[in-house]
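Notes to accompany the following structure.
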Amino acid sequence: MQRRIAHLDMDAFFASVELLRYPQLAGQPVVVGGRRGALAGDSLEDFPRLRHYVGRGVATTATYPARALGVHSGMGLMKAAALAPDAILLPANFDDYIRYSRLFKAAVAEIAPLIEDRGIDEIYIDLTEVPGETVALAQRIKDAVRTATGLSCSIGVTPNKLLSKIASDLQKPDGLTVLDYSDIPTRIWPLAARKINGIGPRAGEKLDALGIHTIGELAAAAPETLIEEFGQHFGHWLTEVAHGRDERPVVTERETKSISRETTFERDLDVRADRDTLTDILVQLCDRVAGDLKRKGYVGRTIGLKLRYDDFRTVTRDITIEQATDDAATILAAVRSCLKRVPLDRRLRLLGVRVGTLLPPGEAAPRPPQRGENLRLFD
DNA sequence: TCTGGGGTCCTAGGACCC
DNA sequence: TCTGGGGTCCTAGGACCC
């Protein structure tokens with residue numbers, strides 16, 4: 001039986017939440033991002049402008065008027081300032097976004113309970129067993145989200161997650177797009193291959209180099225060629241998705257695999273001259289990770305260190321310890337041993353600490369058998 | 001005007017075991 | 001002395017996503 005899967009994406013989520021607070025900014029180019037510090041006044045003239053920004057922040061969200069000027073999420077704010085110097089820059093208020101995120105998800109759950117979380121502003125919804133004609137049902141969900149939050153969203157409904165993700169983007173903002181397999185040649189194949197969730201900058205570039213620009217061209221490409229170029233797994237997947245095939249279920253529960261904290265410095269730090277500062281930062285990161293672990297009720301065995309040099313190269317080291325932990329001092333000791341294995345011959349711009357191989361809350365699972373002490377069944 | 005922070009998944013080699 | 005095949009765990013890096 002054919003499924004009915006929706007993808008719901010909040011429109012310019014962070015910026016839209018800010019507009020609820022500052023309605024006088026409606027219609028203006030607004031960018032959310034940067035570090036704390038940017039304080040908003042109460043008149044339009046008092047809002048900080050992008051041109052005054054100095055630092056290493058990126059745009060987290062841009063309103064549609066800002067996007068029209070070329071500003072996109074992920075773009076460095078200094079670059080964004082060159083494109084839209086008069087755009088208003090607001091700092092992010094994550095507590096607010098989490099509040100609104102819970103509100104919209106709860107509103108959807110009242111109508112359709114099978115929801116897969118895809119981050120703060122996106123969900124998949126399995127509508128297969130929910131009664132009602134598709135367009136009317138999707139409209140009901142949009143209305144419920146607006147009533148609960150005052151915010152608009154875009155929805156795509158198709159037989160699978162892959163197509164729904166693409167469909168929800170087709171008529172943004174405030175979109176509602178319903179597609180079936182028969183729509184693939186006209187609505188999907190003309191789109192850039194990059195529109196497929198899972199084809200990123202690197203794969204997109206490689207496809208371009210092969211003369212494959214659209215999803216239709218990808219569908220027409222010889223499967224053997226794709227496997228040759230991209231490997232068995234990814235190559236085969238490319239052929240499948242180009243034809244709109246995707247059987248992944250909507251997953252309502254998921255176990256956390258790792259918890260991490262990282263920070264990029266205001267300026268690159270020198271390992272010798274700024275040794276004390278770097279030490280403080282690492283201690284703080286361990287404290288914060290330990291706090292996160294305790295708050296969420298996890299302990300972990302794999303402790304990882306991440307650092308990024310001034311030339312943006314990133315290296316990681318990790319170590320797996322005997323006893324899973326959520327203790328800051330234990331994490332710090334493991335991080336210290338990782339630090340000894342990494343070259344420190346350049347200035348640093350980022351440090352990060354990660355804990356993986358997590359044990360779920362309450363599960364005091366025994367550590368797996370160690371080398372040399374495996375259970376012997378046939379000896 | 002270079003490029004945040006928090007995640008997931010995949011690959012690949014080596015150690016070690018049966 | 002030479003010859004395997006298969007499995008898990010650990011580590012490092014990279015692509016990708018929100």
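Labels below follow one simple rule: chain letters A, B, ... track the order of the sequence lines, proteins then strands, and each chain is numbered from 1. None of the values given here were measured: they were computed from a predicted structure.
Under the side-chain hydrogen bond (donor to acceptor under 3.5 Å, both in side chains) test applied with A:Asp310, the options A:Arg346, A:Arg347, A:Arg349 reduce to a single match, A:Arg346.
Using a 30° and 60° split on the angle between ring planes, A:Tyr97 and A:Phe14 fall in the parallel class, below 30°.
Here A:Asp246 does not pair with A:Lys165 in a salt bridge; the nearest charged N to carboxylate O distance is not below 4.0 Å. Ion pair A:Arg118/A:Glu116 flagged as a salt bridge, since at least one NZ, NE, NH1 or NH2 atom sits closer than 4.0 Å to an Asp/Glu carboxylate oxygen. Contact check on A:Asp143 versus A:Arg140 returns no salt bridge, with no Lys/Arg side-chain nitrogen under 4.0 Å from an Asp/Glu carboxylate oxygen. We find that A:Lys296 and A:Asp326 are not joined by a salt bridge, their nearest charged nitrogen and carboxylate oxygen being 4.0 Å or further apart. Salt bridge annotation for A:Glu205-A:Arg202: absent, with no cationic side-chain nitrogen under 4.0 angstrom from a carboxylate oxygen.
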Just by protein heavy atoms under 4.0 Å, how would nucleotides 11-18 of chain C read 5' to 3' in B, S and -?
-> SSS-SSSS

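Separating the NE2 atom of A:His52 from the C1' atom of B:dT1 is a distance of 16 Å, rounded to the nearest angstrom. Atom CZ of A:Phe94 and atom P of B:dG5 are 10 Å apart (whole Å). Residue A:Lys79 contributes atom NZ, which lies 5 Å from atom P of B:dT1 at whole-angstrom precision. If you take CG of A:Leu285 and C1' of B:dG4, they are 14 Å apart, rounded to a whole angstrom. For A:Arg354 and B:dG6, the CZ to P distance is 13 Å, given to the nearest whole Å. B:dC10 atom P lies 15 Å from atom NE2 of A:His236, rounded to whole Å. Going from atom CG of A:Leu77 over to atom P of B:dT3 covers 10 Å, rounded to whole Å. Summarising the geometry, the separation between CD on A:Glu266 and C1' on B:dT3 is reported as 15 Å, rounded to the nearest angstrom.
Residue A:Arg349 places at least one side-chain N or O under 4.0 Å from the OP1 or OP2 atom of B:dT3. Contact between the side-chain N/O atoms of A:Ser260 and the OP1/OP2 oxygens of B:dG5 is not found at any separation under 4.0 Å.
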So what is the 5' to 3' dot-bracket string for DNA chain B, if pairs are Watson-Crick or G-U wobble with both distances under 3.5 Å, crossing pairs use [ ] and | means the partner sits on another strand?
-> ....||||||||||||||

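Nucleotides B:dG4 and C:dC17 have their C1' atoms positioned 14 Å apart, rounded to a whole Å.
Here the nucleotide nearest the side chain of A:Arg308, chosen from B:dG6, B:dG7, B:dG4, is B:dG4. Side-chain atoms of A:Leu350 lie closest to B:dG5 of the nucleotides B:dG5, B:dG4, B:dC10.
Toward the 5' end of DNA chain B, the nearer of the two residues A:Ala81 and A:Gly57, judged by each one's closest nucleotide, is A:Ala81.
Side-chain contact between A:Val31 and A:Met75: absent, with no pair of heavy atoms (C-beta onward) separated by less than 4.5 Å.
Residue A:Thr256 is classed as a sugar-phosphate contact, given heavy-atom separations below 4.0 Å to backbone atoms only. No contact: A:Thr60 has no heavy atom under 4.0 Å from any strand.
Rounded to the nearest 0.5 angstrom, A:Ile125 CD1 and A:Leu127 CG are separated by 5.5 Å.
Looking at A:Ser73 and A:Thr61, their side chains never bring a donor and an acceptor atom within 3.5 Å of each other.
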